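Below you will find the structure I want to go over with you.
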Amino acid sequence: MKTQIQELAVLGGRPIFDEPLHVGRPNIGDRERFLQRVNQLLDRRWLTNDGPFVRELEAQIQKYLGVRHCVTTCNGTVALEIAIRAMGLAGEVIVPSFTFIATAHALQWQEITPVFCDIDPCSHTLDPKAVERMITPPTTGIMGVHVWGQPCETEALSDLARQRSLQLLFDASHAFGCSHRGRMIGNFGRAEVFSFHATKVFHTFEGGAIVTNDDELAAKIRLMKNFGFAGYDKVIYIGTNGKMSEVSAAMGLTSLESLEEFIAVNRRNYEQYREELHGLRGVRLFRHEESEKRNYQYVVLEIDEEEADIRRDLLMEILHAENVLARRYFHPGCHRMEPYSSYFPHAGLLIPETERLCRQVLILPTGTAVDPEQIAVVCNVIRTAIVHGPEIERVMAVRVLQSAAAVS
Ligand code: T4K
């Protein structure tokens, strides 16, 4: 444990971890079960194209979510692109900027303009009142993001979509295993999209899925993810190759068997962070709603620089020096990344809560690859850094001046 600032690696001490502690280390599940499945798929020489493991995984996900259709895909981004196209979105679609860049790119890739809308400062999800203000004649849809597994205000967004004849799609990449008012995420909007990337609580190495209760839409999505083929030699839509492979589905089936264990570990980690970081001025841990199902996959620290004794970026530098690779998801916000920052250079003025949050968040390591002893050490470094923030800042500034003087 480090209590003195000179022990911190950022000031020349030895890093507390020899190996990097990552955000997003994959959960593995039962290795033997997975390898058995790999042998099975090799034996039957059926490696992709709607194979038996893909069908089994889709059926299991449908059952788990209580949804009529699950169409798996090769990743979450392609799933978003297909859902957007199948729903006939065009013109402008209202999205948060506080999301992974894939949400915006999936629209722009098809020459649909993402209109960045502000979020609610507590839930970090789309603010329905702000959405209403962003609707213009070219708007065809709203795409909410259940960021950190926190459901959007689905009722208000559905009402708005209905009243204004807009399509409603959710990017549920973070929300597998979460519920809203007792219903599993997957049942809201016209369709919802999951990412099953390796860094997600439930993964298929790379992968994703579109889930919907709309039979017609599901049929269209199935064709679109397979080049538009409706028979051996018959193509009826423009389509793409969005198929999930059998080895990914084998991983998915194995991950699904351990999902409740992964979530339990995440919850234990989250509760430990909450206890150990309690009472630090200007620092808030994003609260997961414990009366609903949550996957606790993201441990989200918010550092209010006006109140806390440390800047978020200095805390990140201190953690990185200790080999704790905390991440600033989703800094600096999609609107500040290309091509959007060139298209809409003043977008930030319309989304002040997003701008603020992008300066405040820091995501901490969790998952089955992180143990309670490591979390205790991470919390100790955070506490020492925050308690001594102004002093660390001074020492670092003096060192910068000294090295500048030495150079000149
Ligand atoms: N919408 C939302 C809201 C999303 O969050 C995402 C993806 C998508 C859409 C798109 O879905 P996909 O097309 O990706 O299925 C990561 C993930 O790559 C990305 O899937 C995820 N969101 C995003 C939030 O996080 P990066 O660029 O931060 O990933 P990366 O490669 O730096 O991984 C994070 C850390 O995890 C690394 O420091 C090391 C560790 N790691 C990673 C991998 C892949 C491992 O230890 N082992 C591994 O195999 O985006």
Side-chain angles (χ1 to χ4, degrees), residues 17 19-29 34 71-84 93 95-109 114 116 119 123-126 143-152 169-176 178 185 189 191-211 225 240-245 247-248 251-252 255 286 295 297-300 316 319-320 323-334 337 354 357-358 361-370 374:
F17 292 107
E19 296 292 324
L21 205 62
H22 291 282
V23 169
R25 214 81 176 118
N27 295 321
I28 301 299
F34 171 66
V71 183
T72 54
T73 58
C74 53
N75 60 53
T77 305
V78 166
L80 282 172
E81 288 167 7
I82 294 173
I84 288 164
V93 172
V95 285
S97 174
F98 190 72
T99 179
F100 190 59
I101 195 68
T103 315
H105 278 355
L107 291 163
Q108 191 65 52
W109 192 255
F116 296 120
I119 49 172
S123 68
H124 298 185
T125 61
L126 274 183
M143 176 154 54
V145 180
H146 306 307
V147 71
W148 321 135
Q150 167 70 37
C152 294
L169 171 66
F170 289 106
D171 177 343
S173 292
H174 294 191
F176 194 73
C178 300
I185 292 295
E192 302 210 56
V193 168
F194 293 106
S195 163
F196 300 150
H197 182 256
T199 54
K200 299 290 186 280
V201 64
F202 164 80
H203 75 88
T204 60
F205 298 137
E206 287 274 1
I210 304 159
V211 299
K225 82 152 188 185
T240 186
N241 182 353
K243 291 168 287 164
M244 177 180 276
S245 71
V247 75
S248 281
M251 191 62 192
S255 298
F286 181 85
N295 61 34
Q297 178 70 359
Y298 293 92
V299 174
V300 184
M316 188 179 74
L319 287 168
H320 281 201
N323 254 331
V324 179
L325 302 186
R327 300 289 296 264
R328 298 184 293 184
Y329 292 140
F330 294 101
H331 178 94
C334 296
M337 294 185 181
T354 303
L357 202 58
C358 287
V361 281
L362 199 57
I363 313 302
L364 301 175
T366 187
T368 51
V370 182
Q374 291 171 318

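Each ligand, and each atom within it, is numbered from 1 in the order the structure gives. The model shown is predicted, which means the values in this text are computed figures rather than measured ones.
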Quick one: look at Asp171 and ligand 1, take heavy-atom pairs under 4.0 Å, and tell me if it's side chain, backbone, both or neither.
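Under 4.0 Å from ligand 1, Asp171 contributes side-chain atoms alone.
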
Hey, which atoms in ligand 1 end up nearer than 4.0 Å to a heavy atom of Gly207?
15 (O)

If you measure every N or O of Gly76 against every N or O of ligand 1, does any of those distances drop under 3.5 Å?
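By distance alone, the answer is yes.
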
Among protein heavy atoms, which sits nearest to atom 49 (O) of ligand 1, and what does the distance come to when rounded to 0.1 Å?
Pro26 CG, 3.7 Å

Counting non-hydrogen protein atoms only, what is the nearest one to atom 43 (C) of ligand 1? Give residue, atom name and distance.
Thr199 CG2, 4.3 Å

Going by heavy atoms in the side chains, are Met244 and Glu206 under 4.5 Å from each other?
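With C-beta onward as the side chain, the pair stays apart.
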
Nearest protein heavy atom with distance in Å, relative to atom 41 (N) of ligand 1
Gly24 O, 3.6 Å

Taking C-beta and beyond as the side chain, do Pro365 and Val324 meet within less than 4.5 Å on heavy atoms?
yes

Would you give the length of the straight line joining atom NE2 of His197 to atom NE2 of His203, rounded to the nearest 0.5 angstrom?
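That separation rounds to 9.5 Å.
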
Just need the protein heavy atom nearest to atom 13 (O) of ligand 1, so name the residue and atom and give the distance.
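Looking only at protein heavy atoms, the one closest to atom 13 (O) of ligand 1 is Thr77 OG1, 2.6 Å.
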
Spacing of Thr73 atom OG1 and Lys243 atom NZ [to the nearest 0.5 Å]
12.5 Å

If the cut-off is 4.0 Å to any non-hydrogen atom of Ala102, which atoms of ligand 1 fall inside it?
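Those of ligand 1 that fall under 4.0 Å from Ala102 are 8 (C), 9 (C), 10 (C).
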
List every atom of ligand 1 that sits less than 4.0 Å from any heavy atom of Thr99, numbering the atoms from 1 in the order shown and giving each element.
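Once the distances to Thr99 are compared, the set is 3 (C).
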
Rounded to the nearest 0.5 Å, how far does OG1 of Thr368 lie from CD1 of Ile28?
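The OG1 atom of Thr368 is 7.0 Å from CD1 of Ile28, to the nearest 0.5 Å.
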
Got a second to check how far Glu192's CD is from Ile210's CD1, nearest 0.5 Å?
12.0 Å

Atoms in ligand 1 flagged as close to Arg327, the criterion being non-hydrogen separation under 4.0 Å:
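Counting atoms of ligand 1 from 1, those under 4.0 Å from Arg327 are 26 (P), 28 (O), 32 (O), 34 (C), 38 (O).
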
May I ask you to list the atoms of ligand 1 that are less than 4.0 angstrom from any heavy atom of Thr103?
1 (N)

May I ask you to check if ligand 1 and Glu206 share an N or O to N or O distance below 3.5 Å?
no

Polar-atom distance check: Phe196 versus ligand 1, any N or O pair below 3.5 Å?
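Checking ligand 1 against Phe196, no N or O pair falls under 3.5 Å apart.
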
Could you measure the distance from the OG1 atom of Thr366 to the CD atom of Gln374? Nearest 0.5 Å is fine.
10.5 Å

For Val23 and Tyr329, work out which heavy atoms get closest and say how close.
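In terms of heavy atoms, the two residues are closest at CG1-CE1, 4.2 Å.
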
Check: His197 N/O within less than 3.5 Å of ligand 1 N/O:
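His197 vs ligand 1: N/O contact under 3.5 Å present.
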
So is Leu325 touching ligand 1 or not, going by heavy atoms under 4.0 Å?
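No; Leu325 lies far enough from ligand 1 that no heavy-atom distance drops under 4.0 Å.
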
Look at atom 6 (C) of ligand 1 and say which protein heavy atom is nearest, naming residue and atom and giving the distance to 0.1 Å.
Phe100 CD2, 3.3 Å

Which residue owns the protein heavy atom closest to atom 39 (C) of ligand 1, what's the atom, and how far is it?
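For atom 39 (C) of ligand 1, the nearest protein heavy atom comes out as His22 ND1, 3.4 Å.
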
Answer yes or no: is there a side-chain heavy-atom contact under 4.5 Å between Pro96 and Thr125?
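Contact flag for Pro96/Thr125 side chains = no.
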
From atom 22 (N) of ligand 1, is the closest protein heavy-atom distance below 4.0 Å?
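When distances to the protein are checked, atom 22 (N) of ligand 1 has a heavy atom within 4.0 Å.
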
To the nearest 0.5 Å, what is the distance between CD1 (Ile101) and CD (Gln108)?
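Answer for the CD1-CD pair, Ile101 versus Gln108, is 10.0 Å.
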
Please list the nearest protein heavy atom to atom 34 (C) of ligand 1 with its residue and the distance rounded to 0.1 Å.
Val23 O, 3.5 Å

Tell me if the aromatic rings of Tyr298 and Phe330 count as close, with their centers under 6.0 Å from one another.
no

Got Ile84 and Leu107 here, is their nearest side-chain heavy-atom distance under 4.5 Å?
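When only atoms from C-beta onward are counted, Leu107 and Ile84 do touch, with a gap below 4.5 Å.
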
Within a distance under 4.0 Å of any heavy atom of Ser195, pick out the atoms of ligand 1 and give their elements.
11 (O), 12 (P), 15 (O)

Judging by distance only, is a nitrogen or oxygen of Lys200 under 3.5 angstrom from one on ligand 1?
yes

Among protein heavy atoms, which lies nearest atom 5 (O) of ligand 1, and at what distance?
His174 NE2, 2.8 Å

Closest approach of Phe196 and Phe176, non-hydrogen atoms and distance?
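Here Phe196 and Phe176 meet closest at CE2-CD1, 3.9 Å.
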
Test side chain to side chain contact (heavy atoms under 4.5 Å, CB included) applied to Ser255 and Phe202, Phe205, Phe34, the passing residue:
Phe202

Ligand-residue contact atoms, ligand 1 with Arg25, heavy atoms, under 4.0 Å:
45 (C), 46 (O)

For Tyr329, the ligand 1 atoms whose distance to one of its heavy atoms is below 4.0 Å
16 (C), 25 (O), 26 (P), 28 (O), 34 (C), 50 (O)

